[in-house]
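Please see the structure below; I have some questions.
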Amino acid sequence: MSPDTLHTPPPRRLRLAGIIVAIVVLAIVVAGVATRANDSRRLREWTDQQAVPTVSVVTPEGGQGGGELNLPGRLAAYTRAPIFARTSGYLKYWKADIGQKVKAGDVLAEIETPDLDQQLLQAKADLASARANEALAQTTAKRWQAMRDSDSVSKQEVDEKVGDYDAKHALAQAAQANLERIEALKGFAKLVAPFDGVVTARETDVGALINAGGGGQELFVISDVRKLRLYVNVPQNYAPSIQQGATVKLTVPEYPGQTFKGTIEASSSAINAASGTTLVQVLVDNSDGKLLPGGYASATFDLPANASLLRVPASALVFDDKGLRVAVVDRDNKVTFKPVTIARDFGKTVQLGSGLAAGDRLIESPPDGLADGDTVRIQAPKTAEGDHAKA
C-alpha cells in the first residue's frame, strides 16, 4: 500500500467506495436490461417462426397406371342351345340325362304324336285324291285338244278343260306340300343334339304333355363346355387398356390357389349407360372340364403403365366446398392449391389422372386453415413410395 493511500482521509475513501458500488450496480442493471431485451427479441423470433406452419412434402410417383386390375366375371358355355319341341304330343321316352356327353345327331328323346299321325294319314289321302283328279283332268284336256283339231268342239270348251287341268295340278302340288310339311313336323318328334356337348339340363319326363313352339317348356339344354366364355364388365376408364388377344388370369372359388388362363376375344366397343362399363369377352380353354359354365370367376387384367398418372398419399388430398384439391409448395415455399381427379383409389395411396405435374412438391396432411399464398416451412422431403405402401 502506498503512503498516499495510508494518509487519505476517511470521507474520501467512502466516496471512492460508493462510486465503485454504483458502477457495479449500473453494470448489473445494464446487463440485466440487455439480457431481457435479447430474450424478448428471441421470443419474438420464436413466435414469428411458430406462426409459419411446418409441413412435410412428398413428390408424386410417376409411371403409374400399370399393375393388375381384378374384376368379377361370369363363366358361360362357348355354345349353348336350349331344346324346345317343334311338335305337340306326349314324351314317349328320353335317352340323355344331365351330365351326359352327346354327339351331334344323337337322339335325346322322342315325342308320341297321335294327333299328328292322323293329320299325316289325312294328308296322304288328300294327296292321292288330288293326283287322281289331276290325272283325269289331264286326260280330258288332251282328248278335247284332239277334238279341237277336227273342229268337233269349240276353242272355248277346250280352254275350259285345259284350265281345269291346271287347277287340278295346282291342288295336287298343294296337297304334296302339305304332306311334306306334316312329315317334317313328324320328324321333329325325335329331339336330337345339334352339336357335340354335354346335357346341362333336362326339364321333362316320360308322359309329360309337350306343347310345340318357343312358348313351350324348355326340354333339354346342350352346352359345349370344352371352351368357355368369361364375360367381364370393365369400367370405362380402363376400357382403352383392354386389348384383344391379351392374356387374362382367372381364379375360381372351387380351386383356391389355382390359376387358369384366358385370352381376350372381343369387346362390345360400347359403354353401358346404366353401369358405365364395357362388356369384355374372354375365351377360356376348358378341355380338362374343371371349370363349370354359369360359375363365378375373378379375372385379373395386366394394365400397361401410363406416364400421365401419378401416385400420391391419400392423406395429401383436401376435399372441401371447392372440390378435391392438393396443396403444392413452389420454390419460394408459397402454397398453391390445385384441383385434381382420381383415376384409381388404392386406399393409402391414390392415382391422380389430372391436375398435378411430376415435379410438384406436395404437402402431406395439409394443416387446417392453410390458404393460397401462405408461406410454409419444409420439414424434410420424402417420396410417396418411401412412406406409403402400395395397395
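Side chains are part of it too, since the values below use all heavy atoms of this structure and drop only hydrogens, waters and symmetry mates.
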Query raised in the report: Can you check whether Thr204's main-chain N or O pairs, donor with acceptor, with Gln217's side chain at less than 3.5 Å?
Result: no
**Report entry** Heavy-atom pair with the smallest gap, counting every atom of Arg229 and Glu265
**Finding:** NH1-OE1, 3.5 Å
**Report entry** Non-hydrogen side-chain atoms of Asn133 and Leu171 separated by less than 4.5 Å
**Finding:** no
**Report entry** Heavy-atom closest contact (Val232 atom, Ala299 atom, distance)
**Finding:** CG2-CB, 4.1 Å
Query raised in the report: Do NZ/NE/NH1/NH2 and the carboxylate oxygens of Lys186 and Asp117 come within less than 4.0 Å?
Result: yes
Report task. Please go through Leu283's hydrophobic cluster and name the other residues, only I, L, V, M, F, W, Y counting, with side-chain heavy atoms under 4.5 Å joining them. Result -> Tyr78
Requested in this report: Would you please test Arg325 and Asp320 for salt bridge (charged side-chain N to carboxylate O under 4.0 Å, His left out) and show each step?
Outcome: CA-CA 8 Å; Arg325 302 182 298 163; Asp320 52 19; 2.6 Å; yes
Query raised in the report: For the side chain of Arg143 and the backbone of Gln145, is there at least one donor-acceptor N/O pair under 3.5 Å apart?
Result: no
Query raised in the report: Does Arg361 reach the main-chain N or O of Asp330 with its side chain, forming a donor-acceptor pair under 3.5 Å?
Result: yes
Requested in this report: Kindly indicate whether a cation-pi arrangement holds for Lys290 with Tyr255, taking the cut-offs as under 6.0 Å to the six-membered ring centre and within 45° of the axis.
Outcome: yes
Query raised in the report: Is the side chain of Thr139 donor-acceptor paired with the backbone N or O of Ala135 at a distance under 3.5 Å, no angle test?
Result: yes
Query raised in the report: Which heavy atom in Asp97 sits nearest to a heavy atom in Arg202, and how many Å separate them?
Result: OD1-NE, 2.9 Å
Report summary line: Heavy-atom nearest pair, Gly355 first then Lys338, reads O-CD, 3.5 Å
Query raised in the report: Does a side-chain heavy-atom distance below 4.5 Å link Pro293 with Leu228?
Result: yes
Report summary line: Value for CZ (Arg311) from OG1 (Thr349), rounded to nearest 0.5 Å, stands at 4.0 Å
Requested in this report: Could you give me the CA-CA distance, side-chain angles and deciding distance for Phe260 and Lys249, then say whether side-chain contact (heavy atoms from CB on, under 4.5 Å) is met?
Outcome: CA-CA 6 Å; Phe260 302 88; Lys249 292 182 291 185; over 6 Å; no
Query raised in the report: Other hydrophobic cluster members with Ile83, side-chain heavy atoms of Ile/Leu/Val/Met/Phe/Trp/Tyr under 4.5 Å, chained?
Result: Leu91, Trp94, Val102, Leu108, Ile111, Leu191, Phe195, Val199, Val206, Ile210, Leu219, Phe220, Ile222
Report task. Look at the side-chain heavy atoms of Ile, Leu, Val, Met, Phe, Trp and Tyr, link any pair under 4.5 Å apart, and say whether Leu292 and Leu75 land in one connected group. Result -> no
**Report entry** Asp224 side chain vs Arg226 backbone, donor-acceptor pair below 3.5 Å
**Finding:** yes
Query raised in the report: Transitively linked via ILVMFWY side-chain contacts under 4.5 Å: Leu71 with Ile271?
Result: no
Report task. Report yes if some heavy atom in the side chain of Val328 is under 4.5 Å from a heavy atom in the side chain of Leu362; otherwise report no. Result -> yes
Query raised in the report: Taking the side chain from Gln281 and the backbone from Tyr231, do they hold a donor-acceptor pair closer than 3.5 Å?
Result: no
Report summary line: Correct closest heavy-atom pair for Ser88 and Thr113 would be O-CG2, 3.3 Å
Query raised in the report: Hey, any chance Tyr296 and Phe301 share a hydrophobic cluster, counting ILVMFWY side chains that come within less than 4.5 Å of each other, even indirectly?
Result: no
**Report entry** Side-chain donor/acceptor of Ser223 to backbone N/O of Val225, under 3.5 Å
**Finding:** no
Query raised in the report: Nearest 0.5 Å, what's the CG-CD distance between Asp164 and Gln138?
Result: 12.0 Å
Requested in this report: Please answer whether the main-chain N or O of Val221 pairs with a side-chain N or O of Thr200 as donor and acceptor at a distance below 3.5 Å.
Outcome: yes
Requested in this report: Ignoring hydrogens and angles, state whether a donor on the side chain of Glu180 or Gln176 is under 3.5 Å from an acceptor on the partner side chain.
Outcome: yes
**Report entry** pair Gln118-Gln122: side-chain heavy atoms closer than 4.5 Å
**Finding:** no
Query raised in the report: Side chains of Asn233 and Arg74: is there a donor and an acceptor less than 3.5 Å apart?
Result: no
Query raised in the report: Given side chains that start at C-beta, do those of Val234 and Ser241 come closer than 4.5 Å, heavy atoms only?
Result: no
Requested in this report: With rounding to the nearest 0.5 Å, note down the distance linking CD1 in Ile182 to CD in Gln119.
Outcome: 5.5 Å
Query raised in the report: Donor-acceptor pair, Thr341 side chain versus Ser354 backbone, under 3.5 Å?
Result: yes
Query - Transitive ILVMFWY cluster of Leu209, excluding itself - 4.5 Å side-chain cut-off - result: Tyr90
Report task. To the nearest 0.5 angstrom, please state how far the CG atom of Leu250 sits from the OG1 atom of Thr247. Result -> 11.0 Å
Requested in this report: Answer yes or no: is there a donor N or O on one side and an acceptor on the other, between the side chain of Asp372 and the main chain of Phe337, under 3.5 Å?
Outcome: yes
**Report entry** Trace of the side-chain contact (heavy atoms from CB on, under 4.5 Å) decision for Leu370 with Ile363
**Finding:** CA-CA 11 Å; Leu370 198 63; Ile363 297 179; 3.8 Å; yes
Query raised in the report: Taking a hydrophobic cluster as the set of Ile, Leu, Val, Met, Phe, Trp and Tyr residues connected by side-chain heavy atoms closer than 4.5 Å, whether directly or through intermediates, do Val192 and Phe188 fall within one such cluster?
Result: no
Requested in this report: Run the numbers on Tyr93 and Lys95 for side-chain contact (heavy atoms from CB on, under 4.5 Å), then give the verdict.
Outcome: CA-CA 7 Å; Tyr93 63 84; Lys95 290 185 175 181; 3.6 Å; yes
Query raised in the report: Are Leu279 and Leu69 grouped together when hydrophobic residues (ILVMFWY) are joined by side-chain heavy atoms under 4.5 angstrom apart?
Result: no
Report task. Locate the shortest heavy-atom distance separating Asn237 from Pro240; write the atom from each residue and the value. Result -> O-CD, 3.9 Å
Query raised in the report: About how many Å separate CG of Leu120 and CG of Asp115, when rounded to the nearest 0.5 Å?
Result: 12.5 Å
Query raised in the report: Can you find a heavy atom in the side chain of Leu317 that is under 4.5 Å from one in the side chain of Ile342?
Result: yes
Query raised in the report: So do Ile264 and Val280 actually touch side chain to side chain, heavy atoms under 4.5 Å?
Result: yes
Query raised in the report: Do the side chains of Val55 and Pro367 get nearer than 4.5 Å, heavy atoms only?
Result: yes
Query raised in the report: What's the verdict on side-chain contact (heavy atoms from CB on, under 4.5 Å) for Thr375 and Lys334, showing C-alpha distance, side-chain angles and the deciding distance?
Result: CA-CA 5 Å; Thr375 302; Lys334 298 290 186 180; 2.7 Å; yes
Requested in this report: Mind checking the OG1-CG spacing from Thr278 to Asn272? Nearest 0.5 Å is all I need.
Outcome: 9.0 Å
